[in-house]
Amino acid sequence: MSHRSLPVLAARILACAALSSCGGQGDAVGLPERCLQAGDGAPEFARQIGCLEDFQALASVPLDANLPGARSVKVVQDHADADALYFQNSALYPIHYEFVSTHLSGDPLPVVPQLAEFNATEYYSPERRFTLGAVTWYEEPKVWALELSPYDSASAEMIAALWRGVAADSYFGGSLWFHPTSESIAVEAERLPADVPVITTDQIYAEIDYQPLSLGAGMGRLRFLTAEQLASEYVSYQDILVLDEAPNDISVVQGLVTEEFQTPLSHVNVLSLNRKTPNMGLRGATGNAELRALEGKLIELTVDAAAWRVREVGEEEAAAYWEAHRPEPVTLPPLDLDVTELVDIADVTPEPAAGESLRDAIKTAVLAFGGKAAQYSILARTEGVPVAKAFAVPVHYYDQFMRDNGFYDRVDALLADPAFATDAAQRDAELAALRADMAAAPLDGTFQATLKAKLAADYPGQKMRFRTSTNSEDLDGFPCAGCYESHTGDPADWSDVLDAIRETYASIWLFRTFEERSYYGIDHRSVGMALLVHPNFGDEEANGVAVTANPFDPSGLDPAFYVNVQAGGDVEVVAPPPGVTSDQFLYFFSQPNQPRSYITHSSLIDAGETVLSVKQAYQLGVALDAIHRRFSPAYGPGAGNHGWYAMDVEFKFDDVADPSQPPALYVKQARPYPGRGD
């Protein structure tokens, strides 16, 4: 941290907490005490903030609320009018331009230009008329912070002038920090004079106890477990769980609270988003007195962007809620079992014919090749999106394997057994036995010969990854993140390849996956698995996931890519071990200086370092931009969807192609991202 030691940080936070109560302390920095009177209504702007009530009257949730519990007031300093300061009503005017074009344009001030010219000058030009910022109150760490947009190129002199103006004209001025919101602003903040104290995102984040992930409400019986206990304890759609850490996956529950913070792109959060069930992180959750007092009781858990709530409910209310919120059954279209060729990936999903949509082309390809392969095929033909050479094994061979070994008859018998339907422990045991038998069953000899010839001709000497590609995953409405398990096989040992294929096929019958499909009313016999096959990535240098829109800004006024990336390939970025953090940042790729605004940093690399270099981040940004545009005709505005739209993208950086060169980007998959919730 610049300019202030940690003891000074603690002292300032305590002082700020004292000021935040406001009552009678409007003159804390020499201001006349003046709070809005009852009946005044919210003004369109104020020249000073004399107390907390004034701040609340002007504040709104920040557009980019990636740190929870924040309220923010946008501020404008007008250099054409002797540095006059304005605190704008940020609910009435969500962006600076709306305010200044209404109140500070002409007669006798200079006319504010059109939006495009305004953005080009007022965030980037050293000769700008305005310095634009926001004052944010972070509730949990009790921090008042002056912030600029992550892409603003204001100089240290401009920042200092704005900070001094805000400090002089606000009751909390004695406790005001400057908070750099991007790497580029942090570099400029190093040049700030000593009277401008700087606080980092890491320091704010460390003091926050609450992490809202999937917003909404759910009703269920409150249970306390550890993530490890989920391997032996059965949970149901009538439960709300408090866990010590986030598991890699979990059966359907009505809500989730984890003591360890999660990444928004973790499998359990994507599942929560798709299920529309609340999910949150809460430091100290397992010992939280309010939650412990309700252990074993039926409750309603509500997760909002700024706060969480619980209340006890009765059996009748809970039963009515479960009935009303059970999802409509999902019906999968019949599989296309006529395709028997092993198809190079570019040919899996042909370009749409005249009058056909991209979504229709994907749906058709899914019938024979599953969701992952169908969408990977689009990636393989998208400029700027590097993918590994690949091919697809059609679902025909899974169906053949199931029929030849009598596994469909066995599944039918299980589904007809009342004990299997009602006893979770028996269901788990029977499914485990089925998977074990599938892992040892023979694969068709003609299929083996065809596959062996394909690998020898096109992938000689390479270990191969056999990835799940079913007709019930990676799709809009039912992404089923982490439902199935992929495996690696080495053709030099053919039995290794056969094991990889059989274990991948068997993952259709994982207990959690079976429960997920049951909750959504999917006919288990209608599910089929194709395989997406490509060379295995060994010891990659970085692995990550990204969303092609800003999940913290549902308004779309502050577009950015959200990226979660970890060094190396040993630690899974979506399910890290306890205490391990990754680089999480917003990448404002469409802005001229393309800043990165970091939320957390990787704990596996040296402090001050980042997992991705500037060049690597740019390469990733090019790919994410291309993916976002490419799939819009299937899932976004190009398909008539004018709501929030994004693709969930998995990627790696690896030097497998040329170890003498820096690691290169490979995109692993893209699927629709369900959003953040209500």
Side-chain angles (χ1 to χ4, degrees), residues 2-3 44-48 62-64 72-90 93-136 145-170 173 176-196 198 557-560 586-597 614 618:
S2 302
H3 304 297
E44 299 211 348
F45 66 91
R47 301 298 300 275
Q48 294 180 331
L63 290 178
D64 183 13
S72 188
V73 171
K74 286 185 164 52
V75 61
V76 175
Q77 191 171 51
D78 188 354
H79 306 305
D81 188 20
D83 289 347
L85 200 66
Y86 299 87
F87 298 94
Q88 72 190 57
N89 186 317
S90 300
Y93 301 104
I95 61 176
H96 289 102
Y97 177 77
E98 293 176 347
F99 171 75
V100 299
S101 61
T102 300
H103 289 281
L104 304 178
S105 184
D107 192 29
L109 297 170
V111 173
V112 174
Q114 294 298 309
L115 178 61
E117 182 181 348
F118 174 88
N119 286 342
T121 58
E122 302 309 316
Y123 292 103
Y124 306 108
S125 172
E127 307 301 325
R128 67 186 72 181
R129 174 185 166 186
F130 302 108
T131 302
L132 307 172
V135 176
T136 301
L146 174 66
E147 301 168 326
L148 306 183
S149 293
Y151 38 82
D152 198 310
S153 63
S155 66
E157 290 76 14
M158 294 177 185
I159 296 170
L162 180 62
W163 183 89
R164 288 168 181 153
V166 171
D169 287 342
S170 55
L176 181 66
W177 299 85
F178 177 70
H179 171 218
T181 54
S182 66
E183 288 182 302
S184 56
I185 295 178
V187 170
E188 191 64 24
E190 294 291 335
R191 300 179 55 244
L192 286 170
D195 67 309
V196 181
V198 176
L557 294 174
D558 208 11
L586 290 170
Y587 188 18
F588 294 87
F589 185 76
S590 62
Q591 298 298 333
N593 56 353
Q594 298 182 325
R596 288 179 279 177
S597 181
V614 173
Y618 177 75

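Below, all heavy atoms of this structure are taken into account, side chains as well, without hydrogens, waters or symmetry copies.
You'll find the side chain of F130 stays beyond 4.5 Å of the side chain of T121, heavy atoms only. Looking at heavy atoms from C-beta onward, V135 lies out of side-chain contact with S170 at the 4.5 angstrom threshold.
Residues satisfying the side chain to side chain donor-acceptor pair (under 3.5 Å) criterion with N593, sequence neighbours excluded, are absent altogether. Considering only residues two or more places apart in sequence or on other chains, A120 meets the side chain to side chain contact (heavy atoms under 4.5 Å, CB included) condition with none of them. In this view, T136 and S72, E147 satisfy the side chain to side chain donor-acceptor pair (under 3.5 Å) rule, not counting sequence neighbours. Judged as a side chain to side chain donor-acceptor pair (under 3.5 Å), and not counting sequence neighbours, the contacts of S184 are S182. Under the rule for a salt bridge (Lys or Arg N to Asp or Glu O under 4.0 Å), the partners of E188 that lie at least two apart in sequence or sit in another chain are R191. By the salt bridge (Lys or Arg N to Asp or Glu O under 4.0 Å) test, E98 pairs with no residue at all, sequence neighbours left out. In terms of the side chain to side chain contact (heavy atoms under 4.5 Å, CB included) criterion, residue partners of H103 (sequence neighbours excluded) are, by chain and number, E44, F45, Y93, F99. For F589, the ring-ring contact (aromatic ring centres under 6.0 Å, His included) test picks out F561, Y587, Y618, with sequence neighbours left out. Taking the salt bridge (Lys or Arg N to Asp or Glu O under 4.0 Å) definition, one finds that E183 meets it with R596, sequence neighbours left out. For S155, the side chain to side chain donor-acceptor pair (under 3.5 Å) partners at least two apart in sequence or on another chain are E157.
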Subject >> Residues L146, H179; criterion side-chain contact (heavy atoms from CB on, under 4.5 Å); working and verdict >> reply: CA-CA 6 Å; L146 174 66; H179 171 218; over 6 Å; no
**OP:** Go through the steps to decide whether Y123 and T131 satisfy the test side-chain contact (heavy atoms from CB on, under 4.5 Å), and finish with yes or no.
**Re:** CA-CA 8 Å; Y123 292 103; T131 302; over 6 Å; no
**OP:** Would you check, one step at a time, whether the test side-chain contact (heavy atoms from CB on, under 4.5 Å) holds for Q88 with V73?
**Re:** CA-CA 7 Å; Q88 72 190 57; V73 171; 5.6 Å; no
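Remark: the backbone N or O of P150 is not paired with any side-chain donor or acceptor of S597 at under 3.5 angstrom. Between the K74 side chain and the P94 main chain, a donor and an acceptor come within less than 3.5 Å of each other. The backbone N or O of L176 sits less than 3.5 Å from a side-chain atom of W163, completing a donor-acceptor pair.
Heavy atoms only, all atoms of each residue included: A154 and L148 are closest at CB-CD1, 3.8 Å. Summarising the geometry of R164 relative to P193, their closest heavy-atom pair is NH2-CG, 3.2 Å, with the distance given to 0.1 Å.
For the atom pair OG of S149 and CD1 of I185, the computed distance is 7.5 Å after rounding to the nearest 0.5 Å. One finds the CD atom of Q77 at 6.0 Å from the CG atom of L85 (value rounded to the nearest 0.5 Å). Note that OH of Y86 and NE2 of H96 are 14.0 Å apart. Values are rounded to the nearest 0.5 Å.
Side-chain contact check for Y151 and N119: no donor-acceptor pair (N or O, by modelled atom type) lies under 3.5 Å. Y124 and Q591 are linked by a side-chain donor-acceptor pair at a separation below 3.5 angstrom, with hydrogens and angles left out of the test.
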For residues 104-116, dump all side-chain donor-acceptor pairs below 3.5 Å to protein atoms at least two apart in sequence or in another chain.
| unit_1 | atom_1 | unit_2 | atom_2 | d |
| --- | --- | --- | --- | --- |
| S105 | OG | V112 | N | 2.9 |

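In this structure, R47 is not positioned above the aromatic face of F87 in the sense of NZ or CZ being under 6.0 Å from the six-membered ring centre and within 45° of the axis.
Residue pairs that meet the salt bridge (Lys or Arg N to Asp or Glu O under 4.0 Å) test with at least one member in residues 119-135, sequence neighbours left out, are D78-R129, R128-D152.
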